[in-house]
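All values below come from the heavy atoms of this structure, side chains included, with hydrogens, waters and symmetry mates left out. The sequence lines fix the lettering, A, B, ..., with proteins before strands; numbering per chain opens at 1.
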Amino acid sequence: MADDANAAVVELTIRIGRDAAGEIDRVCAALEALGLEAIERRDRFLIVNARGPRSRLDAVRAIDGVESVRESAVFKPL
Amino acid sequence: MARQTRRSAAAASAAARPPLGYVVRFHRGAAGTAIKRFEKDGVRVASSADFRGAEAVPNDFGGADVQYFERFGIAVVREQFDQVQAMLAPAIDDRMVANTRPERRFRALGMPDDGAMPSLAAPEESIDRAYLRGYRDAVNELADRLLGMADGGAPGDVEAAAADPSVTWGVRTIKAGQTRLSGAGIKVAVLDTGFDHRHPDFRGRRIVKKLFATRSSPDDTHGHGTHCVGTACGPLKPSSGPRYGVAYGAEIYAGKVLGDDGFGTDRSIIAGMDWAVAEGCAVISMSLGAQVGIGESPNDDYEQIGQACLDAGSLVVAAAGNESERPGRIAPIGSPANCPAILAVGAVDAAYRPARFSCGGLNTGQEVDLAAPGVNIHSAAPGGGYATMSGTSMATPHVAGIAALIAECDPKYRGWALWARLLQLVKPLRSPPRDVGKGFAQAPL
């Protein structure tokens, strides 16, 4: 059951620290090396969106310059 | 079977409890770095985020040395005091740690020290809830009458909803019909379910559309987006019915960030916001949200994004949320409207009363900034027709339209300056700021 949860592919929102603003290339390369897919960077926001297994969350957090990693929320019209 | 004494039962219960540790609170922004240091030093760290999708969170986080609550910037360290001191020393030296205190154990009130839980009657069994509700509503109504505000509205200025059939009650009460401003030259982004640009009311307008939602058509099959664009930027003279649009001269940037099913993810919404800023939109209207619980903090991602938008001269206006069931239950403002850098809009009805569904500023620091018409709002619908909808979604584009009018007045009104001007222009309401913020949004005259 726990293995299934960790293997699940999730959408991630990765926030880069302001101190690492000039290092988004390196962070994206590290994400790619971890096997994450659909990597999209939003430089002006210091945000990167990517997709990957939940089991990689800690590894993503450990990348230097990564401030936070969240699974995507679901939004709806109000 | 051996008979268990009261004392042995208490001892067994205590032994089953996880040992207490120390609660470490980090300075804002320093938690991530501190946690990474712990991990580099071989400390086993488990994050609350790791269990977000799990059915249950194990109390000991699977035996980790440190339990990290990312959202709060707090960690619980399960070690002896001297080990905790050694672990934290470098982080304290680098001013990353704000506070350390022993972990406390909480219990239900009235629980005896031996840990045995007494049998408590559930509130439903001991208290007549219907009686309490009736009592509360009666007190509220009495207070309203004594204060002379049974209409909930603005002092001495109650509008009759059916006063002028040539404009909707929303456009009239925000005074958009009394200004010569149109939002000309101002780019307004509406991030929603798309937009029917073939609607006859928008013929000849400058319209830019972009699809961000995955597995969706480029059209507005839902209808919500067209309705919101209509309110923010609809025409001065529609092909049929009353005027419903505020900034009829504004340029329309319709980003489809919510799919045909009406739902969207961070990826599509952030991409839409990035596009709107890149296109130079002075206003970004987001009639969307995700529910937030009581005590939950704003999402740091959207706070950072909202600030970046403001710094770039784009004001983000977002719907407060529709989860309330007034008068009995008021739900906290949803995400991303609960971020301090994003303007949160509540909804009121034609008597200026908070709409029964409109969320309130229950969580500390997460306020409704202002209110606008959000009940029985007439606007455009896909296919060339019209629809009437209610929601904080409908209030939000009223404010977005007003923001475009203000932005047209003077180029200095961008970002934070535009935010401040919006709040300067509001009409105070009698309802609490928790529900309507500074008051009712008004167009510049």
Item to complete: Quick one: which of B/A308, B/A271, B/G374, B/G259 has the most heavy-atom pairs under 4.5 Å with chain A, could you say?
Response: B/A271
Item to complete: Would you please say whether a donor-acceptor pair under 3.5 Å links the side chains of A/T13 and A/N49?
Response: yes
Worksheet item: Side chain, backbone, both or neither: which part of B/I270 has a non-hydrogen atom closer than 4.5 Å to chain A?
Response: both
Fill in: chain B contact via A/L46 - side chain, backbone, both or neither, heavy atoms under 4.5 Å
both
Worksheet item: B/T226 and B/D196: side-chain donor and acceptor closer than 3.5 Å?
Response: no
Worksheet entry | Pairing of B/K36 and B/E39 as salt bridge, 4.0 angstrom limit | no
Practice prompt. Flag the one option from B/G306, B/A319, B/G32, B/G334 with the top tally of heavy-atom pairs under 4.5 Å to chain A.
Written response: B/A319
Worksheet item: What part of B/Q291 gets closer than 4.5 Å to chain A, counting heavy atoms only: side chain, backbone, both or neither?
Response: neither
Fill in: Modelled atom types, side-chain donor and acceptor of B/N299 and B/S335, under 3.5 Å
no
Worksheet item: Take atom CD in A/E40; do more than 12 heavy atoms of anything else shown fall under 6.0 Å from it?
Response: yes
Worksheet entry | Distance-only polar pair, side chains of B/S287 and B/H224, donor-acceptor under 3.5 Å | no
Item to complete: Can you tell which part of B/L258 gets under 4.5 Å to a heavy atom of chain A, answering side chain, backbone, both or neither?
Response: side chain
Response to the item:
Applying a strict 4.5 Å limit to non-hydrogen atoms, the region of B/A347 in contact with chain A is neither
Fill in: Structural part of B/M286 lying under 4.5 Å from a heavy atom of chain A
neither
Worksheet item: Side chain, backbone, both or neither: which part of B/A278 has a heavy atom under 4.5 Å from chain A?
Response: both
Item to complete: Search all heavy atoms of B/A337 against all heavy atoms of B/A344 and return the closest pair with its distance.
Response: O-CB, 3.4 Å
Worksheet entry | Modelled atom types, side-chain donor and acceptor of B/Y302 and B/D266, under 3.5 Å | yes
Worksheet item: Pick from B/T193, B/V277, B/D192, B/L288: which one has the most heavy-atom pairs with chain A under 4.5 Å?
Response: B/L288
Worksheet, complete the sentence: Most heavy-atom pairs under 4.5 Å with chain A, out of B/I35, B/N322, B/D274, belong to B/D274
Discussion item. If you define the side chain from C-beta out and look only at heavy atoms, does anything of B/I284 sit under 4.5 Å from B/L315?
Written reply: no
Worksheet item: Top residue by heavy-atom pair count (under 4.5 Å) with chain A, among B/H222, B/E323, B/Q304?
Response: B/Q304
Discussion item. Please classify the contact of A/R18 with chain B as side chain, backbone, both or neither, using a heavy-atom distance under 4.5 Å.
Written reply: side chain
